[in-house]
Structures are given as C-alpha cells and as structure tokens.
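Let me begin by presenting the structure, written as structure tokens, before commenting on it.
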Amino acid sequence: MASISKICLYKPFSLSFSGSVKDQTLLQRCNFPATCILREQVPLKNECRVFAQMPERTGTGVSAYLRETGTGENGDYARNDLDISHLISVLKFCGGEGCLEFGRTYHGLIAKTGLDGDEFVNTSLIDMYAKCGDIDSALMVFNQMPRLDVASCNCLISGYANCGLFEEAFRVFMNYESWGNRPNSYTYSSMLAICGILSAIEEGKQLHAQVVKMQYLSETAVSNALLTMYCKCEAMADAESLFERLPQRNIVSWTAIINGLYQHEGFEKAMRLFCLMRESGIEPNEYTFTIALASCGNMKNIDYCRLLHALVIKKGMALGEFVGTALIDMYSELRETDDAEKQFKEMGNLTSKVSRNALIKGLVQNGKANEALDAFTCASLPSFMSCQQIHAQVVKANFDKNTQVGSSLIEAYTRCGSVEDAEKVFSRISAPDVVSWNSVIKAYSQNGNPRRAISLFRRMIMKGFRPTGSTFLAVLSACSHSGKTQDGLEIFQSMINEFGVSPEEAHYSCMVDLLGRSGQIEKALDFINNTPIKPTASIWRPLLAACRCHNNLRIAEFAAKHILAIDPNDATVYVTLSNMYTEAGLLENAENQRELMKLKEITKEPGCSWIEVNNKIHKFFSRDRTHPESEKIYDKLKQIMMLIKGTAYSTNADSLQVKEDFCLYHSEKLAVCFGLISLAAGKPVRIFKNLRVCTDCHMFMNDNYRFHHFNEGGCSCGDYW
DNA sequence: CTAGGGTTAG
C-alpha cells in the first residue's frame with residue numbers, strides 16, 4: 001500500500017471554497033438553536049421529528065428515558081437503560097437533519113453514561129458532527145478514540161469534504177497506513193468525489209488504479225464515483241468507456257453518465273442512453289427525469305418533450321422541486337412561456353427560489369420582460385441590490401431601451417431612493433411615454449429634488465405629452481415640498497381646466513399640504529370645506545400637520561376632531577395634540593390627560609410592547625427561524641418595508657436617532673423598522689436608541705436623508721406619498 | 001449497530 005502515500009497533489013488544495021448550495025444549507029442548519037429539547041409541545045419541528053421517528057421502546061428507549069429524567073441533570077444513569085443501536089440511529093438522524101445542538105446533548109449523555117468508549121457510537125458521533133459542519137468537535141471525538149477504525153476515518157474525510165477542506169481530507173487519506181488502517185471502498189468513493197469537485201484528474205486516475213487493484217470496481221458506489229469524477233474532469237471518453245465496461249450498473253450509474261453527456265452538450269446521446277436505460281428495465285427516478293427533461297428541452301424536440309412531461313405526470317413527479325423546475329426550464333427553452341408559467345402556477349406552494357428564477361430567466365429570454373419583472377416582484381420591495389442585478393440582466397438582454405421595462409426600473413430605483421439611477425434609466429429609453437415621464441418625475445419628487453421634478457414636468461408638456469392624474473400628484477407634491485405654493489395652485493387649476501383631469505382624494509390631500517405647509521392654515525381649511533368630495537382622514541391629516549408646524553392649536557383641535565371621527569384609532573392625532581398642548585404649557589390640561597389616556601388604550605391594542613417586539617426581532621435575525629413568531633414578524637417586515645420605501649437602504653443606521661417617547665407610542669412599527677435598518681446596514685440588531693423620528697408623521701429624520709426631506713424644521717407629513 | 005455514488009437557476 002506504499003503507493004497510496006505517493007499520490008501527488010498536483011494542484012494546490014488550499015482552495016478557498018465558497019461552498020455548494022448543499023453545504024450552505026447544511027451550515028445554515030447548523031445554527032439550529034439549543035432550545036426546549038424535551039418539551040414536545042413546543043413546535044420545533046426538527047427536534048420533535050426526532051421523537052416522532054423514534055421507535056417506541058417503552059421504558060428503555062432514549063426518548064422515554066429522557067422524557068422521564070428531564071435533560072439529564074439527575075445524573076443517575078444506569079448503562080443498561082441506553083440502547084446503543086437506538087442511540088446510533090438518533091445520532092444518524094441528527095446528522096441528516098443538521099440538529100447539532102440536539103446531537104450535542106446526546107453526546108453529553110453518552111459521555112455521562114460512559115458509552116464514549118464504544119467504537120460505533122464514536123463513529124456515529126464523528127459523523128454527526130461532521131455532517132452538521134462542526135468539524136472541530138468531530139476531530140475532538142476522533143482524537144479521543146482509543147483505536148482508529150476505517151469507518152471513523154471515512155467519516156472525517158467526508159466531513160472535511162463537506163466543509164470544503166479538501167486538503168485536510170487528502171491528509172487523512174494519506175495517513176491511513178500510519179494509523180494501521182487500509183482505505184476501503186467507502187474511502188475511495190469519498191476521495192473520488194473530492195477529485196471530481198477539484199477537477200483533479202491525475203489524482204483521480206491514481207485512485208482509479210488503486211480501485212482496480214483492490215477489486216472495488218464491482219461496487220456500484222465506487223464505480224459511480226469514478227464515472228462522476230471523469231465527467232466532472234471533462235474526460236468524457238474515459239467516462240463512456242468505463243460505463244461500457246462496468247460489471248454492475250444501477251440507476252445512479254445511468255444518471256451519472258447521462259448527466260455527464262448532458263453537461264457536455266451531448267443531448268441526443270444523453271437521450272439515447274435514457275431510452276437504453278428504460279429498455280434495460282431500469283425506471284427513471286426524479287434525478288434522471290430532471291436531466292432527461294433538460295436534454296430534451298435543449299434538443300427543442302417538442303413532441304418528445306410533451307411525451308416526457310406526460311410520463312412524469314403519470315409517475316406523479318411533475319410537481320417535485322427539481323422535476324418541476326426542469327419542466328419550467330424545458331418549456332422556456334421551447335419558447336412556450338405560457339406552459340412554463342402554467343407549470344410554475346401548478347407547483348403552487350411547492351415553488352422555490354430556483355423555480356422562480358427558472359421562470360424569470362425563461363420569460364426574459366423569450367422577450368417577455370414585463371412578465372419577468374412582475375415575477376421578480378422587484379418594484380414592491382426596496383432592495384437596491386436586486387434592482388441593480390435586475391438592471392444588469394435587462395441590459396444584457398438588450399431591453400434597457402424598452403419603454404415599459406425602463407419605467408418599471410425607474411419605479412424600482414425610486415423605491416430604493418436612488419434617483420440618479422432612475423434618471424439614467426430614463427435617459428436610455430428610446431421612446432419614453434407618459435408613464436416613463438410620470439415615473440421619472442415621481443422619482444425626483446419623492447427623492448429630495450422637487451425643483452427638478454417641476455422642470456421635468458414643464459419639459460414633458462413642451463414635448464407634447466398629456467399629463468395624467470399621477471403626473472399631477474407628483475408635481476403638486478414637489479411644489480409643496482419646495483415651497484412653490486403659487487406654482488402649485490396654478491398647476492392645480494390647469495389640471496382641472498386645461499387638461500381636464502378631475503382631482504381625487506390624493507390631490508386634495510396634497511393641496512391641503514401645499515397650503516398648510518406655507519402657513520396658510522385658514523386657506524387650507526377653506527379649501528377642505530370647498531372640496532366637491534367629502535373630506536377624508538387623508539385630507540384632514542396634512543392640515544393637522546401644518547397646525548403643528550405653525551402652532552395653530554385651535555385649528556389643530558378642529559382637524560383632530562375630524563380625523564378621529566373617521567379614524568378613532570389614529571394614534572398620531574393624540575401624539576400630535578399632546579405634544580402641542582405640552583408646548584403650549586397646558587401640561588396639566590385635563591383634555592391633554594384624556595388624550596394620553598386614550599393613547600395608552602390604543603397602543604395597548606396591538607398586543608405587545610416595544611421591548612417584546614424588539615426581542616422578537618432579535619430572535620428572528622439571530623437566525624432563530626423556528627421562533628414561533630418569526631413568520632408573523634417577517635410579514636410585518638415586508639409590510640413596513642413597503643411603508644418606509646427606500647429609507648432603510650439609503651440611510652445610515654448610526655446617524656438615526658429615536659425620540660424615546662415616540663417609541664413608546666409607535667413601538668411596534670419603529671422596532672420593526674429599526675430591525676430592518678440595522679439589517680440593511682449590515683449591523684446586528686440593537687435596541688433602538690439613536691433613531692430620530694418626526695413626531696407628527698412617523699418618518700425617520702436625518703440630515704442626509706435622501707428620500708424624506710425637510711424644510712424649515714418641518715417635515716413632509718402627508719398621506720399622498 | 002457506524003462511513004460512500006447521481007439532479008434544477010444564476
């Protein structure tokens with residue numbers, strides 16, 4: 001066996017390894033928290049499934065044992081109570097599910113009961129740790145073993161491979177001899193897989209020679225690993241001739257070679273082998289179908305594609321994650337995007353990120369960029385990075401001059417607060433339409449450059465475009481924010497008289513804001529009283545905000561009364577009023593007290609204090625995905641993301657400050673926002689201390705705030721944006 | 001009683 005240690009490392013094995021998807025999920029799963037292991041009523045799915053899968057062994061089984069004794073603090077263990085084979089099956093389960101903490105608890109139990117001398121138990125422990133990605137613990141158990149056997153070395157090798165530590169895996173392999181062991185067939189399959197990942201064909205060939213010498217070729221796992229190794233090393237001739245000569249072939253062997261051919265664009269050949277396989281009496285499974293569908297799609301043979309699809313449905317595999325995605329891909333390849341979308345829809349909640357990406361790719365490549373953008377849902381979530389990614393793809397697909405695509409991109413960038421990118425996109429649209437103009441005007445109006453919004457509006461009209469209701473909303477809002485009250489009034493008139501656009505609630509709300517902001521409180525009130533529609537809360541609110549800015553307590557009370565008549569749960573009203581009373585020195589005003597009382601009742605309603613919410617966020621973002629509230633919080637987050645639009649992504653968490661009393665009133669919203677901001681800034685979530693908020697409109701205040709701007713100490717409270 | 005091999009998008 002001297003030749004084993006002669007295996008040369010032709011390539012540097014200290015590769016940095018970003019990790020396959022599988023490894024990443026594995027590592028993620030390793031963050032599984034150590035929680036409530038023995039309380040079955042707590043819905044922690046993995047732990048509970050351990051119990052659920054345990055065979056019933058009344059009185060002697062580990063689960064029953066643990067249930068009776070608690071976490072094991074009693075310490076009074078009788079060795080007989082533990083069944084080794086049962087223990088091993090639990091460890092195996094932990095490894096498979098990534099339940100590191102659960103496995104650790106078992107390790108403790110094993111150590112306490114003195115079972116850590118058992119060879120099989122130790123091997124299972126090494127494997128459990130290795131599979132959970134905790135290679136240090138695996139190594140610790142390994143080093144403490146009184147005698148090293150092949151199986152434990154093998155576990156260590158696959159553990160290293162799992163973590164991308166291929167050089168270490170090779171080191172273990174070359175030490176077999178010095179430990180008095182000989183590699184067995186398991187060792188070779190693992191090592192060959194590593195060579196495949198590294199494209200290390202020289203090493204793979206040496207291992208091949210060993211395999212032949214040791215007569216392991218008849219073991220399908222070994223020969224399949226060899227096959228895959230050659231395929232991954234681009235040595236298809238070697239792979240094919242090996243496959244021809246294989247003494248034993250199973251479904252995995254067939255899948256390996258078919259996949260190899262597919263990966264090297266031998267689609268026809270892959271399909272020929274697929275047929276041969278079926279003729280030889282082996283039925284394809286999900287793995288094989290996935291590749292066959294992909295090959296078929298690449299061949300653009302629509303009849304065969306439909307045939308395969310039918311077969312897959314017959315076997316009940318059409319909605320599986322892999323096969324389902326392959327079907328989407330196949331139909332995209334055939335340019336049958338309707339079928340691709342149909343497949344995606346049929347998958348319902350079985351769809352994954354991958355299947356969605358497949359659909360999007362298909363739509364983009366088939367010229368359905370708008371549908372693709374819809375599928376992205378990018379415009380609804382302010383993520384600057386995904387906007388850029390989408391934009392890059394759009395440019396690559398040569399859609400950046402397209403009118404509709406461009407407008408969608410402008411909207412997306414606007415939500416992220418990046419007005420520069422929005423304008424860049426606009427300038428590249430070859431034939432901008434009204435929607436494009438509206439989008440770019442809105443971009444400036446909402447992102448701190450109202451003057452530019454107004455000048456773009458004028459240019460738009462000069463170019464002969466007919467402004468719509470949305471155009472006016474953006475422009476009036478811009479006028480309001482830049483103090484151009486007179487312009488705003490004129491534009492509002494021309495909207496009705498010149499362009500025949502009838503104002504809606506949002507326009508009225510905007511006009512109230514325009515008047516109120518300039519200090520014309522009485523005029524704003526007049527305006528409200530003269531609207532042809534019944535004033536809504538959204539129309540009254542900017543008046544209240546204006547009163548707050550300009551210290552008009554009388555009209556503030558009047559506006560507050562109207563808002564509360566419509567929306568009695570609007571806590572902002574109470575906050576604004578109580579602040580105004582306080583500032584007016586009416587601290588002990590009975591009315592103020594009553595408002596505060598009401599306020600408390602309201603803030604109690606949602607059910608949790610800001611500390612509770614903050615704790616929940618804490619748990620959620622410290623990867624405790626099993627927290628029973630995490631789904632709810634996530635939904636809330638998405639909601640809040642919509643609300644605060646691009647702010648989280650365009651502000652610096654450090655420069656934000658919270659007014660603590662306001663936190664108490666609007667705790668939930670703020671806590672969630674803060675969690676989001678910290679997340680966006682790549683910082684751990686902390687209890688919010690340094691966030692400053694406009695006391696009237698809930699929004700964050702900050703000097704270099706791109707999205708939300710302030711003039712003369714006020715802020716742009718209002719509902720219209 | 002422990003360990004190994006094949007799949008989807010970007």
Side-chain angles (χ1 to χ4, degrees), chain A residues 20-22 83-92 95 115 118-128 130-131 138 141-142 145 149-159 161-162 172 181 183-194 196 211 216 219-229 231-232 246 248-260 262-263 277 284-295 297 317 320-330 332-333 347 351-362 364-365 386 389-390 392-393 396:
Chain A
S20 67
V21 174
K22 195 178 144 201
D83 177 325
I84 289 187
S85 69
H86 191 183
L87 203 54
I88 288 170
S89 74
V90 171
L91 288 174
K92 188 174 183 172
L115 285 169
D118 185 278
E119 201 173 87
F120 286 90
V121 169
N122 275 327
T123 304
S124 303
L125 273 172
I126 294 169
D127 195 45
M128 182 276 294
K131 284 204 168 77
V141 178
F142 184 82
M145 279 180 78
D149 72 330
V150 197
S152 51
C153 298
N154 287 344
C155 287
L156 199 60
I157 285 191
S158 50
N162 256 340
V172 175
N181 281 324
N184 64 11
S185 62
Y186 286 84
T187 324
Y188 283 108
S189 20
S190 299
M191 290 309 299
L192 285 165
I194 293 175
V211 163
Y216 286 145
E219 296 216 16
T220 48
V222 177
S223 52
N224 294 342
L226 259 175
L227 260 182
T228 312
M229 184 273 294
C231 290
K232 289 198 170 151
L246 276 189
Q248 298 277 336
R249 293 172 192 166
N250 62 7
I251 179 78
V252 181
S253 331
W254 284 97
T255 311
I257 190 71
I258 293 173
N259 184 42
Y262 164 71
Q263 297 291 343
M277 181 186 83
N285 59 14
E286 271 105 337
Y287 285 84
T288 334
F289 270 125
T290 303
I291 304 156
L293 289 166
S295 305
M317 296 175 181
E321 188 185 348
F322 281 80
V323 175
T325 306
L327 279 167
I328 295 174
D329 235 20
M330 182 187 80
S332 306
E333 204 61 64
M347 286 169 76
T351 54
S352 65
K353 205 164 77 188
V354 182
S355 56
R356 179 175 294 270
N357 283 348
L359 177 72
I360 290 161
K361 180 197 163 204
V364 170
Q365 289 183 342
S386 40
Q389 279 168 10
I390 296 155
Q393 273 202 28
K396 212 168 140 191

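Sequence lines set the chain letters: A, B, ... in the order given, protein chains first and strands last, and positions in each chain run from 1.
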(message) For B:dT2 and A:Lys131 - does any side-chain N or O of the residue sit under 4.0 Å from the phosphate oxygens OP1/OP2?
(response) no
(message) What's the closest nucleotide to the side chain of A:Asn259 if the choices are B:dT2, B:dG6, B:dA3?
(response) B:dG6
(request) For A:Gln263, report the nucleic acid contact type (base, sugar-phosphate, nothing); a contact means any heavy atom under 4.0 Å. (result) sugar-phosphate
(request) Rounded to the nearest angstrom, tell me the gap between atom NE2 in A:His86 and atom P in B:dT2. (result) 14 Å
(message) Please pick, from B:dA9, B:dT8, B:dT7, the nucleotide with the shortest atom-to-atom distance to any side-chain atom of A:Ala358.
(response) B:dA9
(message) Rounded to whole Å, please give me the gap between CG in A:Leu246 and P in B:dG5.
(response) 17 Å
(message) Counting the atoms with a prime plus P, OP1 and OP2 as sugar-phosphate, which does A:Ser355 contact under 4.0 Å by heavy atoms, base, sugar-phosphate, or nothing?
(response) nothing
(message) Using only modelled atom types and a 3.5 angstrom limit, is any donor from either the side chain of A:Glu219 or the base of B:dG5 paired with an acceptor on the other?
(response) no
(request) Provide, to the nearest angstrom, the distance between the CD atom belonging to A:Gln248 and the P atom belonging to B:dG5. (result) 19 Å
(request) Please state how far atom CD1 in A:Ile88 lies from atom C1' in B:dA3, giving the value in whole angstrom units. (result) 12 Å
(message) Expressed as a whole number of angstroms, how long is the span from A:Leu192:CG to B:dG6:P?
(response) 11 Å
(message) When you measure only distances, ignoring hydrogens and angles, does the side chain of A:Asn250 come within 3.5 Å of the base of B:dG5 through a donor and an acceptor?
(response) yes
(request) Figure out the CE/P separation between A:Met229 and B:dG6, and round it to whole Å. (result) 13 Å
(request) Using a cut-off of strictly less than 4.0 Å, decide whether A:Asn224 has a side-chain nitrogen or oxygen near OP1 or OP2 of B:dG6. (result) no
(request) Tell me what A:Glu119 touches on the nucleic acid: a base, only sugar-phosphate, or nothing, going by heavy atoms under 4.0 Å. (result) nothing
(request) State which residues pass side-chain hydrogen bond (donor to acceptor under 3.5 Å, both in side chains) with A:Ser152; sequence neighbours excluded, sorted by chain then number. (result) A:Asp149
(request) Using a heavy-atom cut-off of under 4.0 Å over every strand shown, decide if A:Lys92 touches base, sugar-phosphate, or nothing. (result) sugar-phosphate
(request) Taking only the side-chain heavy atoms of A:Thr228 (C-beta and beyond), determine which of B:dA9, B:dA3, B:dG6 contains the nearest atom. (result) B:dG6
(message) Is A:Phe120 stacked against the base of B:dT2, taking the criterion as centroid distance under 5.5 angstrom and interplanar angle under 30°?
(response) no
(message) Between C1' on B:dA9 and CG on A:Leu327, what's the gap in Å once rounded to a whole number?
(response) 15 Å
(message) Under 4.0 Å, counting only non-hydrogen atoms across every strand here, what does A:Ile126 touch: a base, just sugar-phosphate, or nothing?
(response) nothing
(message) Under the rule for ring pair (Phe, Tyr, Trp, His ring centres under 6.0 Å), what residues qualify as partners of A:Tyr186, not counting sequence neighbours?
(response) none
(request) Indicate the atoms forming the closest heavy-atom contact of A:Pro183 with A:Tyr216, along with that distance. (result) O-OH, 3.6 Å
(request) Search all heavy atoms of A:Ile328 against all heavy atoms of A:Ser355 and return the closest pair with its distance. (result) CD1-O, 3.8 Å
(message) Applying a 4.0 Å non-hydrogen cut-off, can you work out what A:Ser190 is touching in the nucleic acid: base, sugar-phosphate, or nothing?
(response) sugar-phosphate
(message) What's the closest nucleotide to the side chain of A:Thr288 if the choices are B:dA9, B:dT2, B:dG6?
(response) B:dG6
(message) Any heavy-atom pair between the side chains of A:Leu227 and A:Ser253 that's under 4.5 Å?
(response) yes
(message) Could you check whether any side-chain N or O of A:Thr351 sits under 3.5 Å from a backbone N or O of A:Met347, counting only pairs where one atom can act as donor and the other as acceptor?
(response) no
(message) Any N or O donor-acceptor pair under 3.5 Å from the base of B:dT2 to the side chain of A:Ser124?
(response) no
(request) Would you name the heavy atoms of A:Ala130 and A:Gly159 that are closest together and state the gap between them? (result) CB-CA, 3.4 Å
(request) Using atom CG of A:Leu156 as one end and atom P of B:dG4 as the other, report the distance to the nearest whole Å. (result) 12 Å
(message) Which nucleotide wins on minimum distance to the side chain of A:Thr123, given the candidates B:dA3, B:dA9, B:dT2?
(response) B:dT2
(message) Distance criterion of 3.5 Å, no angle test: do you see the side chain of A:Asn285 paired donor-to-acceptor with the base of B:dG6?
(response) yes
(request) Could you check whether A:Val222 gets within reach of a base, just the sugar-phosphate, or nothing at all, counting any heavy atom under 4.0 Å? (result) base
